Amino acid sequence: MSPTGNEPGSPRVRFAPSPTGNLHLGSARTALFNWLVARGGGGSMILRLEDTDKERSSAEFERDIIGSLHWMGIDWDEGPDVGGSHGPYRQSERMGIYREHAERLLEDGKAYRCYCTQEELGARKEAAVKAGRAWRYDRRCLGLDEAERERLEAAATPWTVRFRVPEGKVTVEDMLRGAVVVDASEIDDFIILRSDGSAGFHLAVVVDDITMEITHIMRGDDHLTNAARHVLLFEALGAETPRFLHHSLLMGPDGSKLSKRHGSTSVSDYREQGYLPEALTNYLALLSWSPGDDREIFSLGELVGEFSIRGVSASKAIFDFDKLNWLDRQHIKRLSDSELTDRVLPFLERSGKSELLELPREKLELAVESVRNGMEKLTDAVGPTDIFTRSAGDVDQKSMAELKKSDVLDEALEICAGALRAEASADREAAERIVSVLREAAREKGWGAKKVLWPFRLAVTGLTVGPDLAYLIMFWGPDGCADRIEATRRTLEVANE
RNA sequence: GGCGCAUUCGUCUAGCCAGGUUCAGGACGCCGCCCUCUCAAGGCGGUAACACGGGUUCAAAUCCCGUAUGCGCUACCA
């Protein structure tokens with residue numbers, strides 16, 4: 001047994017969002033990739049909250065992130081809510097650990113105190129930029145003599161701790177992009193401990209990844225350059241460097257970073273809009289990943305079996321709402337009527353559709369089934385099922401006009417009523433039988449089927465749009481439909497007076 | 001500005017690592033046809049791409065170099 005508790009060689013991966021907003025689609029994709037690698041490789045998934053920015057972090061966002069991940073079907077073995085042997089899992093609770101490591105670097109001469117104020121730094125940077133020079137911290141405080149240092153300390157001047165970037169080349173071995181080599185001279189002596197004693201992002205991340213024994217770091221492309229800093233820190237701290245994978249970023253349709261102005265960007269938005277979690281995860285996976293063949297529709301479980309970092313593409317990914325919608329439709333198709341009804345139920349409740357909700361389960365399921373091929377997302381069941389709660393004889397304007405267009409209306413409705421009254425059963429077979437009887441009757445009259453079926457729909461539902469006729473018959477029953485036709489006839493009479 | 005990464009149909013991609021089997025395959029979208037009581041769904045078909053320029057080679061989407069474009073990093077944000 002390894003010290004991590006996993007099989008030797010099994011991955012320990014982490015998803016490390018900062019709770020400064022609801023779970024963003026881009027972050028969700030990162031989480032998914034990590035989770036897929038963990039679950040597919042028999043490893044561990046760790047959730048770590050990077051909440052060192054107290055101003056922007058909140059418990060509300062933390063709840064949203066955890067809730068959204070759960071909704072997607074992503075779970076973790078260690079995290080702030082479930083605990084674990086490598087905790088705590090909130091960076092705000094780990095400041096002591098960071099300070100210890102910073103102290104060590106200080107003692108080893110790999111870091112140094114910097115007394116420059118932000119104002120001074122800003123001025124020097126501005127001057128450098130104006131002169132056309134690239135600005136990098138000028139190491140003024142590295143060269144401080146003893147007297148100067150004592151004077152600053154005596155005056156209680158605030159200080160930060162900067163990492164002393166060594167000379168030479170830094171290589172980030174990226175699983176997607178190969179060896180990325182950066183000259184260390186390009187890297188600033190960055191701040192690892194702020195003047196208030198809290199850890200900066202780079203120190204916190206690296207110390208966490210070391211102490212949490214992370215083996216694979218998978219995150220967005222925006223951290224590729226940062227990875228060079230991290231490699232330096234891993235080495236300075238005497239730790240083995242984990243494997244890296246920097247995936248592409250999620251972009252909006254116009255090619256810029258996916259943001260609010262492109263539409264909904266948080267997982268909870270999609271949840272509320274009635275998307276299926278399996279469709280969202282399927283879509284997120286498909287962006288920048290391919291199984292290598294033409295298959296596209298995968299459940300979460302199927303993804304675990306199929307996913308491999310070999311199939312991950314390095315190029316940018318533009319979010320395509322149309323494709324997501326199509327995938328959602330595909331996943332809706334995979335659901336049974338009963339499952340689909342269960343999923344639709346909360347949305348019916350939220351919309352206050354009490355009449356529908358009072359229906360016997362059987363009827364409700366039938367209603368949902370009848371509208372399912374028009375559904376792109378769960379909320380699409382809400383409007384169309386209203387047709388089943390309309391009162392008899394209530395005919396909308398368009399339908400009224402359509403009915404009046406018929407030159408054989410009375411005769412047609414007579415045929416409908418007759419066929420209906422002749423059938424007692426409301427099962428599928430009976431319903432389909434009635435429809436074929438109607439077709440046959442029309443043919444005998446030398447009419448097109450529309451002469452009879454169109455008035456049937458209009459008279460039974462009072463609407464021009466709705467589910468297939470067989471569903472109407474199954475729902476209200478043959479007698480029920482005949483009664484509704486009768487009611488419509490009375491409405492027509494009144495209208496003609 | 002400097003550094004880094006990326007570049008196949010409008011979009012996601014297969015093919016690239018192991019160059020010829022590809023006047024580049026699939027999917028979404030869009031267009032058309034069929035089916036059809038309505039709206040859909042479904043079936044069938046069509047549209048559309050190797051960023052550009054040089055090499056290497058008998059042969060390049062595939063290998064090399066350069067250019068362009070996009071994105072990222074360059075904070076006491078993460």
Side-chain angles (χ1 to χ4, degrees), chain A residues 16-18 20 50-53 55-57 91 114 116-118 121-122 125 129 132-136 158-162 172 174 176-177 180-183 185-188 190-196 198-202 204-205 219-229 246 248-249 251 253 255-257 283 286-297 310-311 313-327 329 333 371-376 384 398-399 402 435 438-439 442 448-458 461 463-469:
Chain A
S18 31
T20 54
E50 307 211 326
D51 58 347
T52 55
D53 186 343
E55 295 294 306
R56 297 196 296 144
S57 299
Q91 290 190 330
C114 173
C116 299
T117 66
Q118 291 188 61
L121 256 15
K125 177 177 179 176
V129 170
R133 291 194 313 270
W135 163 256
R136 229 160 279 130
W159 45 267
T160 60
V161 176
R162 284 183 187 272
V172 179
D174 191 279
L176 247 194
R177 300 158 206 276
V180 177
V181 183
V182 177
D183 197 304
S185 66
E186 295 293 335
I187 303 172
D188 222 309
F190 54 93
I191 290 172
I192 58 177
L193 221 54
R194 303 177 187 128
S195 54
D196 66 357
S198 66
F201 165 72
H202 302 296
V205 166
R219 72 249 282 198
D221 193 20
D222 49 342
H223 287 302
L224 184 56
T225 320
N226 288 333
R229 277 171 254 270
H246 292 90
S248 63
L249 261 20
M251 303 297 189
S256 69
K257 219 168 169 174
Y283 181 62
L286 231 43
L287 276 171
S288 299
W289 173 79
S290 156
D293 52 40
D294 292 342
R295 289 171 302 153
E296 292 195 303
I297 301 170
R310 243 190 68 84
S313 142
S315 53
K316 87 306 179 208
I318 291 178
F319 196 83
D320 181 6
F321 296 87
D322 287 328
K323 185 109 186 196
L324 202 217
N325 289 339
W326 176 79
L327 265 177
R329 196 193 283 286
K333 281 192 183 145
V371 301
R372 65 178 295 159
N373 74 354
M375 289 174 64
E376 199 156 66
K398 257 179 88 179
S399 304
E402 286 294 317
V435 176
L438 259 23
R439 283 181 196 285
K450 187 167 186 172
K451 284 262 196 218
V452 176
L453 299 183
W454 187 223
F456 182 101
R457 162 175 306 287
L458 298 167
T461 67
L463 297 173
T464 54
V465 176
D468 287 345
L469 299 181

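Chain letters run A, B, ... following the sequence lines, proteins first, then strands; residues in each count from 1. Values below: all heavy atoms of this structure, side chains included; hydrogens, waters and symmetry mates excluded. Model, not experiment: these values are computed from the prediction.
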B:rA6 versus B:rC44 - spacing of their C1' atoms, nearest Å: 38 Å
B:rC64 versus B:rG25 - spacing of their C1' atoms, nearest Å: 28 Å
Test item: A:Arg136 side-chain N/O and A:Ser185 main-chain N/O as donor-acceptor pair under 3.5 Å: yes
A:Asn226 side chain, from C-beta outward: closest of B:rC39, B:rA78, B:rA41: B:rA78
Atom-pair distance (NZ on A:Lys323; C1' on B:rC28), nearest Å: 5 Å
Among B:rC12, B:rG29, B:rC77, the one nearest A:Arg194 by side-chain distance: B:rC77
B:rA41 pairs with, by Watson-Crick or G-U criteria that keep both distances under 3.5 Å: none
SB check A:Arg295 A:Asp293 (cutoff 4.0 Å): yes
Sugar-phosphate, base or nothing in reach of A:Ser288, heavy atoms under 4.0 Å: sugar-phosphate
Proximity to the side chain of A:Gln118 - top-ranked nucleotide from B:rU11, B:rC76, B:rA75: B:rC76
Sugar-phosphate, base or nothing in reach of A:Arg177, heavy atoms under 4.0 Å: sugar-phosphate
C1' atoms of B:rG20 and B:rC63, separation to the nearest Å: 14 Å
Closest listed nucleotide, where the reference is the side chain of A:Asp294 and the choices are B:rG2, B:rC77, B:rG26: B:rG26
Rounded P spacing from B:rU74 to B:rU13 in Å: 26 Å
Any-strand Watson-Crick or G-U partner of B:rC35, both distances under 3.5 Å: none
B:rC28 to B:rC9 separation - C1' atoms, rounded to the nearest Å: 12 Å
Pairwise C1' distance, B:rU22 and B:rG29 [rounded to whole Å]: 25 Å
Sugar-phosphate only, base, or nothing, as touched by A:Glu50 at under 4.0 Å among non-hydrogen atoms: sugar-phosphate
Selection from B:rA75, B:rC28, B:rG72 that lies nearest to any side-chain heavy atom of A:Lys257: B:rG72
Steps toward side-chain contact (heavy atoms from CB on, under 4.5 Å) verdict (A:Phe456, A:Val435): CA-CA 10 Å; A:Phe456 182 101; A:Val435 176; over 6 Å; no
Gap between atoms CG and C1', on A:Asp221 and B:rU7 respectively (whole Å): 13 Å
Side-chain N or O of A:Lys125 closer than 4.0 Å to phosphate OP1/OP2 of B:rA75: yes
Gap separating the OH atom of A:Tyr283 from the CD1 atom of A:Ile297, nearest 0.5 angstrom: 14.0 Å
Sugar-phosphate only, base, or nothing, as touched by A:Asp174 at under 4.0 Å among non-hydrogen atoms: nothing
Pair partner, B:rC52 [Watson-Crick or wobble, under 3.5 Å]: B:rG66
A:Arg457 versus A:Thr461, side-chain donor and acceptor atoms under 3.5 Å: no
B:rC28 OP1/OP2 closer than 4.0 Å to side-chain N/O of A:Trp326: yes
Rounded distance in Å - CZ (A:Phe321) to P (B:rG29): 15 Å
Sugar-phosphate, base or nothing in reach of A:Gly220, heavy atoms under 4.0 Å: nothing
Under-4.0 Å side-chain N/O to phosphate OP1/OP2 contact, A:Thr52 with B:rA78: yes
Sugar-phosphate, base or nothing in reach of A:Ser195, heavy atoms under 4.0 Å: base
Sugar-phosphate only, base, or nothing, as touched by A:Leu287 at under 4.0 Å among non-hydrogen atoms: sugar-phosphate
N/O donor-acceptor pair under 3.5 Å between A:Asp174 side chain and A:His246 backbone: yes
Distance in angstrom units between A:Asp53 CG and B:rA78 P, rounded: 5 Å
Nearest-angstrom distance from the residue atom CZ of A:Arg295 to P of B:rU13: 17 Å
Pairwise C1' distance for B:rC50 and B:rU8, with rounding to whole Å: 4 Å
Sugar-phosphate, base or nothing in reach of A:Ser290, heavy atoms under 4.0 Å: sugar-phosphate
side-chain N/O A:Lys333 vs B:rG42 OP1/OP2, d < 4.0 Å: yes
Closest to side chain of A:Arg229, choosing from B:rU74, B:rC5, B:rC39: B:rU74
Whole angstrom value for the distance that separates C1' of B:rA14 from CZ of A:Arg310: 12 Å
Sugar-phosphate only, base, or nothing, as touched by A:Met251 at under 4.0 Å among non-hydrogen atoms: sugar-phosphate
Sugar-phosphate only, base, or nothing, as touched by A:Thr464 at under 4.0 Å among non-hydrogen atoms: base
Nearest-Å distance for atom pair CD/C1', residues A:Glu402 and B:rU38: 9 Å
A:Arg329 vs B:rA41: side-chain N/O to OP1/OP2 distance below 4.0 Å: yes
Sugar-phosphate, base or nothing in reach of A:Phe201, heavy atoms under 4.0 Å: base
Sugar-phosphate, base or nothing in reach of A:His223, heavy atoms under 4.0 Å: base
Identity of whatever pairs with B:rC17 - Watson-Crick or G-U, under 3.5 angstrom: none
Sugar-phosphate, base or nothing in reach of A:Asp222, heavy atoms under 4.0 Å: sugar-phosphate
A:Arg439 side chain near B:rC37 phosphate (N/O to OP1/OP2, under 4.0 Å): yes
Sugar-phosphate, base or nothing in reach of A:Gly255, heavy atoms under 4.0 Å: sugar-phosphate
Distance, rounded to the nearest Å, where A:Lys316 contributes NZ and B:rC73 contributes P: 18 Å
Watson-Crick or G-U wobble mate for B:rC73, both contacts under 3.5 Å: B:rG2
